[in-house]
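Per chain, numbering begins at 1; letters A, B, ... match sequence-line order.
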Protein chains: 2
Amino acid sequence: MAKHDPALSLLFHALADPTRRSILTRLAETPARVTDLAGPTGLRLPTVMRHLSVLEEAGLITTSKDGRIRTCAIVPEALDPVRTWLDEQRAIWEARLDRLDAFVMNVMKESEE
Amino acid sequence: MAKHDPALSLLFHALADPTRRSILTRLAETPARVTDLAGPTGLRLPTVMRHLSVLEEAGLITTSKDGRIRTCAIVPEALDPVRTWLDEQRAIWEARLDRLDAFVMNVMKESEE
DNA sequence: ATCATGCTTAGCCATGTCGCTAACTATCGC
DNA sequence: GCGATAGTTAGCGACATGGCTAAGCATGAT
C-alpha cells in the first residue's frame, strides 16, 4: 500500500510552498514561459527556476525548450497520487471514528490549555 | 479562493514527511501515547515530539495530557482544506485541458532529454 | 521518601530551503 | 557580427528541518 512513498513526499513538499502553488494555478490557465512566471511573483529568474525544478521533479509540470524559450505546462494527472492517498486516509479515519468517541469526550474534559 | 493560504502550506508541509505520514496512519487505527508512537518509528522521544508539534500546528492531530501521559489522536476533518484545494485545482486543470493540446503535441515532438 | 516512567526542554550538528547577485551561454533580430 | 533577450549556472547568506544527547520535571507505584 506504499506506506513511505517518496513520490508522495515530493508532491506534498512541492505543494507546501505558496509561490509554487500560485505558479501552478497560473499554469492552469495556460502554459507560460519562465519570464512570464517570474513577473507576477516578483521573484528573480533563478529563484523561479528553482521552484520550477521542484515542480518538475515532483512531476507536476513539464517543460520544453523551443529556441531560447522554455515553456512550462501543468501535468493534470500528477495530482492523482495525492488524491488517492487522501481517499485512503479518509476511508480509514472515518472507519475509526467510533474508536475516537471516548477519546474526544476525554479531550473536551481535559484540554484547557 | 484563498490563493496563498498559510494553513494549506502548514498542512502540505506536515504531510510531506514520511515519518509524519506513518504517525498519522498509526493514529488512524487508534489514539496513542507519545512512547507508543516512538517505538515503531525507531526514533527518539524528542524527535517524535517535534513531529507531533508539526502535526498539531497543522491541525492534523489533537493531544491531551492525563497525568504524565500525553495521548494523541487524529482530527479527521483536518484534511478537508487539502481536499477542497485539490478539487478546485482539478476542476481548473481539467477545464483547461483543451488549451493544452497544442502544447502537449509540441512536447511530444520536442522533449527527448 | 524513593525510584522508575513518561514526557519535556535545551542545545548541538548536518543538511536542506529559499531568496539573492554575478557571470555565463544561447538564441533572435538586425 | 552586435546587441538585446531568455535562460542557466555558481555561489552566497539566513534560516528551517530532522536527527541526536543530556539533563530536567512531573507523576505513579512501592
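- F12(B) and V82(B) make their closest contact through CE2-CG1, 3.8 Å (heavy atoms, listed as atom of the first residue, atom of the second, distance).
- A pairwise comparison of heavy atoms in A32(B) and L37(B) identifies CB-CD2, 4.0 Å as the closest pair.
- Contacts between chain A and DNA chain C, taken as any atom within less than 4.0 angstrom of a protein heavy atom, begin and end at dT17(C) to dC28(C).
- S9(B) and R21(A) share a side-chain donor-acceptor pair at under 3.5 Å.
- Using a 4.5 Å heavy-atom cutoff, the side chains of T19(B) and T47(B) are not in contact.
- Of the residues in residues 38-52 of chain A, those placing a heavy atom less than 4.0 Å from an atom of DNA chain C are L43(A), R44(A), P46(A), T47(A), R50(A), H51(A), in numerical order.
- Under the salt bridge (Lys or Arg N to Asp or Glu O under 4.0 Å) criterion, the residue pairs touching residues 73-87 of chain B are R83(A)-D87(B), D87(A)-R83(B), with sequence neighbours excluded.
- Residue pairs meeting the salt bridge (Lys or Arg N to Asp or Glu O under 4.0 Å) criterion with at least one member in residues 31-46 of chain A, sequence neighbours excluded: R33(A)-D36(A).
- Using a 4.5 Å cut-off on side-chain heavy atoms (C-beta onward), W85(A) and D5(A) make no contact.
- I74(A) and L24(A) make their closest contact through CG2-O, 3.9 Å (heavy atoms, listed as atom of the first residue, atom of the second, distance).
- Nucleotides of DNA chain D with any atom under 4.0 Å from a heavy atom of chain B span, from 5' to 3', dT17(D) to dG28(D).
- Counting heavy atoms from C-beta on, the side chains of C72(A) and T62(A) never come closer than 4.5 Å.
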Give the table of side-chain donor-acceptor pairs shorter than 3.5 Å for residues 51-61 of chain B, with sequence neighbours excluded, one pair per line with atom names and distance.
residue, atom, partner, partner atom, Å
H51(B), ND1, R20(B), NH1, 3.2
S53(B), OG, M49(B), O, 2.9
E56(B), OE2, T63(B), OG1, 3.3

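- Between D17(A) and V34(B), the one whose closest nucleotide on DNA chain C sits nearer the 5' end is V34(B).
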